Amino acid sequence: MKQKIITLFFLALICPFAFSSNDFPNIEFLQEGQTSPKANLSAVEWLVGHWRGEAFGGIVEEVWSPPLGGSMMGAFKLVVNDEVIFYELETIVEENDSLNFRLKHFNGDLSGWEEKDKSVEFNLVRVTPNKVFFNGLTLEKISENELTMYVAIEDNDVVKEVKFLYKKIN
């Protein structure tokens, strides 16, 4: 799974114009030469809280802190059969009058996937009242207690849109 996720993020960062909106109905990519729109953390403040759902044959969990210091901090965990498969440390940061979503992956023992000074970045593409589109990743507020995330992920050499359904647990 680690290699599939890293490969996808590489593809999304290097050649987003290779994907069309028909391939990913809920995900958008910055087009060549396109810059991120102006935005601040108020666009994603509804993400604050503890969220849980199911994906990849297990339980997925995300916890997001309130904005502080121009950023929000999040943590992700995938648990299958009572075993942590991997973690992510995530941030959404105000940069250059826009937003940038960054993450780093870790195995269950906290050994990192990315190089020490590297992270996976998703630049902002567009904001609507209930959706925030980052380059290859979409956050959708369904209600105060429901969240859907869409991520382009490689599976068996095919890049596809994966849907994560979350419910707020506190």
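Worth saying up front: this structure is predicted, and the values here are computed from it rather than measured.
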Asker: Side chain to side chain donor-acceptor pair (under 3.5 Å) with Lys104: which residues, sequence neighbours excluded?
Answerer: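 Residues passing side chain to side chain donor-acceptor pair (under 3.5 Å) with Lys104: none at all.
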Asker: Tell me whether Trp51 is reachable from Val80 by hopping between hydrophobic residues (I, L, V, M, F, W, Y) whose side-chain heavy atoms are closer than 4.5 Å.
Answerer: yes
Asker: May I ask you to check whether over 12 heavy atoms, not counting those of Lys168, lie within 6.0 Å of atom NZ?
Answerer: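 Check passes, neighbour count above 12.
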Asker: Could you tell me whether the side chain of Asn135 and the main chain of Leu30 form a donor-acceptor pair under 3.5 Å?
Answerer: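 Here the side-chain-to-backbone pair exists.
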Asker: Can you list the residues that meet the salt bridge (Lys or Arg N to Asp or Glu O under 4.0 Å) rule with Lys167, with sequence neighbours excluded?
Answerer: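 Only Glu146 meet the salt bridge (Lys or Arg N to Asp or Glu O under 4.0 Å) criterion with Lys167.
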Asker: Going by the rule ring-ring contact (aromatic ring centres under 6.0 Å, His included), which residues pair with Tyr150 if we only count those two or more places apart in sequence or in a different chain?
Answerer: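 By the ring-ring contact (aromatic ring centres under 6.0 Å, His included) rule, Tyr150 matches no residue at all.
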Asker: Can you sort out the partners of Asn40 under side chain to side chain donor-acceptor pair (under 3.5 Å), two or more places apart, ordered by chain and number?
Answerer: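 For Asn40 the side chain to side chain donor-acceptor pair (under 3.5 Å) partners, ignoring immediate neighbours, are Ser42.
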Asker: Show your reasoning for whether side chain to side chain contact (heavy atoms under 4.5 Å, CB included) applies to Leu89 and Leu103.
Answerer: CA-CA 5 Å; Leu89 180 60; Leu103 62 85; over 6 Å; no
Asker: Within a strict 4.5 Å, meaning less than it, do heavy atoms of the Trp46 and Val48 side chains meet?
Answerer: no
Asker: What pairs with Ala75 under side-chain contact (heavy atoms from CB on, under 4.5 Å), at least two apart in sequence or on another chain?
Answerer: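 Counting only residues at least two positions away or on another chain, Ala75 forms no side-chain contact (heavy atoms from CB on, under 4.5 Å).
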Asker: Tell me, please, which residues at least two apart from Phe133 pass ring-ring contact (aromatic ring centres under 6.0 Å, His included).
Answerer: none
Asker: Counting heavy atoms not belonging to Glu54, are there more than 12 under 6.0 Å from its CD?
Answerer: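 Count not over threshold, so no.
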Asker: Show me the pairs that pass side chain to side chain donor-acceptor pair (under 3.5 Å) and involve residues 72-85, at least two apart or across chains.
Answerer: none
Asker: Is there side-chain contact between His105 and Val120, with heavy atoms separated by less than 4.5 Å?
Answerer: yes
Asker: With sequence neighbours left out, write down each residue that passes ring-ring contact (aromatic ring centres under 6.0 Å, His included) with Phe134, or none if nothing qualifies.
Answerer: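 With neighbours one apart ignored, the set is Phe101.
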Asker: I'd like to check Phe56 versus Ile153 (side-chain heavy atoms, cut-off strictly below 4.5 Å). Are they in contact?
Answerer: yes
Asker: Return the CG to OH distance between Asp109 and Tyr87, rounded to the nearest 0.5 Å.
Answerer: 9.5 Å
Asker: Once side chain to side chain donor-acceptor pair (under 3.5 Å) is applied, do any residues pair with Glu115, and if so which ones, sequence neighbours excluded?
Answerer: none
Asker: Mind checking what makes side chain to side chain donor-acceptor pair (under 3.5 Å) contact with Arg102, not counting sequence neighbours?
Answerer: Glu95, Glu121
Asker: Working to the nearest 0.5 Å, report the span between CG of Asn96 and NZ of Lys38.
Answerer: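 These two atoms lie 11.0 Å from each other.
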Asker: Could you give the side-chain donor-acceptor pairs of residues 57-74 under 3.5 Å, partners two or more places apart or in another chain?
Answerer:
residue : atom : partner : partner atom : Å
Glu61   : OE2  : His50   : NE2          : 2.8
Glu61   : OE2  : Arg52   : NE           : 3.1
Glu61   : OE2  : Arg52   : NH2          : 2.4
Glu62   : OE1  : Trp64   : NE1          : 2.9
Glu62   : OE2  : Tyr166  : OH           : 3.1
Ser65   : OG   : Met73   : N            : 3.1
Ser65   : OG   : Met73   : O            : 3.3
Ser71   : OG   : Leu68   : O            : 3.4

Asker: Under a 3.5 Å distance rule, please check whether Glu140 uses its side chain to pair with a backbone N or O of Thr138 as donor and acceptor.
Answerer: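 No, because the side chain of Glu140 does not come within donor-acceptor range (under 3.5 Å) of the backbone of Thr138.
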Asker: Any side-chain heavy-atom pair from Leu147 and Leu47 closer than 4.5 angstrom?
Answerer: yes
Asker: Any side-chain heavy atom of Ile92 sitting closer than 4.5 Å to one from Asn100?
Answerer: no
Asker: Any side-chain heavy atom of Met149 sitting closer than 4.5 Å to one from Leu137?
Answerer: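 No, their side chains stay 4.5 Å or more apart.
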Asker: Supply the atom-to-atom distance Phe86 CZ to Phe106 CZ, rounded to the nearest 0.5 angstrom.
Answerer: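 Nearest 0.5 Å value for the CZ-CZ distance: 12.0 Å.
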Asker: Indicate yes or no: does Arg126 engage Glu28 in a salt bridge with an N to O separation below 4.0 Å.
Answerer: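 Yes, charged N to carboxylate O under 4.0 Å.
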Asker: Which atoms form the tightest heavy-atom contact between Val132 and Ala43, and what is the distance?
Answerer: CG2-O, 3.5 Å
Asker: Is the closest side-chain heavy-atom distance between Pro37 and Leu124 below 4.5 Å?
Answerer: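 Pro37 reaches Leu124 side chain to side chain.
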Asker: Using only atom types and a distance under 3.5 Å, with no angle test, would you say the side chain of Ser143 pairs donor to acceptor with the backbone of Asn145?
Answerer: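 Judged by distance alone, yes, a pair lies under 3.5 Å.
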Asker: Say whether Val162 and Val158 are linked into one hydrophobic cluster, either directly or through other cluster members, by side-chain heavy-atom distances under 4.5 angstrom.
Answerer: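 Val162 does not cluster with Val158.
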Asker: Working note: Phe164 + Val151, criterion side chain to side chain contact (heavy atoms under 4.5 Å, CB included); need CA distance, chi angles, decisive distance, verdict.
Answerer: CA-CA 8 Å; Phe164 296 78; Val151 184; 4.0 Å; yes
Asker: How would you list, by chain and number, every residue that makes a side-chain contact (heavy atoms from CB on, under 4.5 Å) with Asn130, sequence neighbours excluded?
Answerer: Lys141
Asker: Consider only side-chain heavy atoms of I, L, V, M, F, W and Y, link residues closer than 4.5 Å, and tell whether Phe122 and Val93 are in one cluster.
Answerer: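 In one cluster: no.
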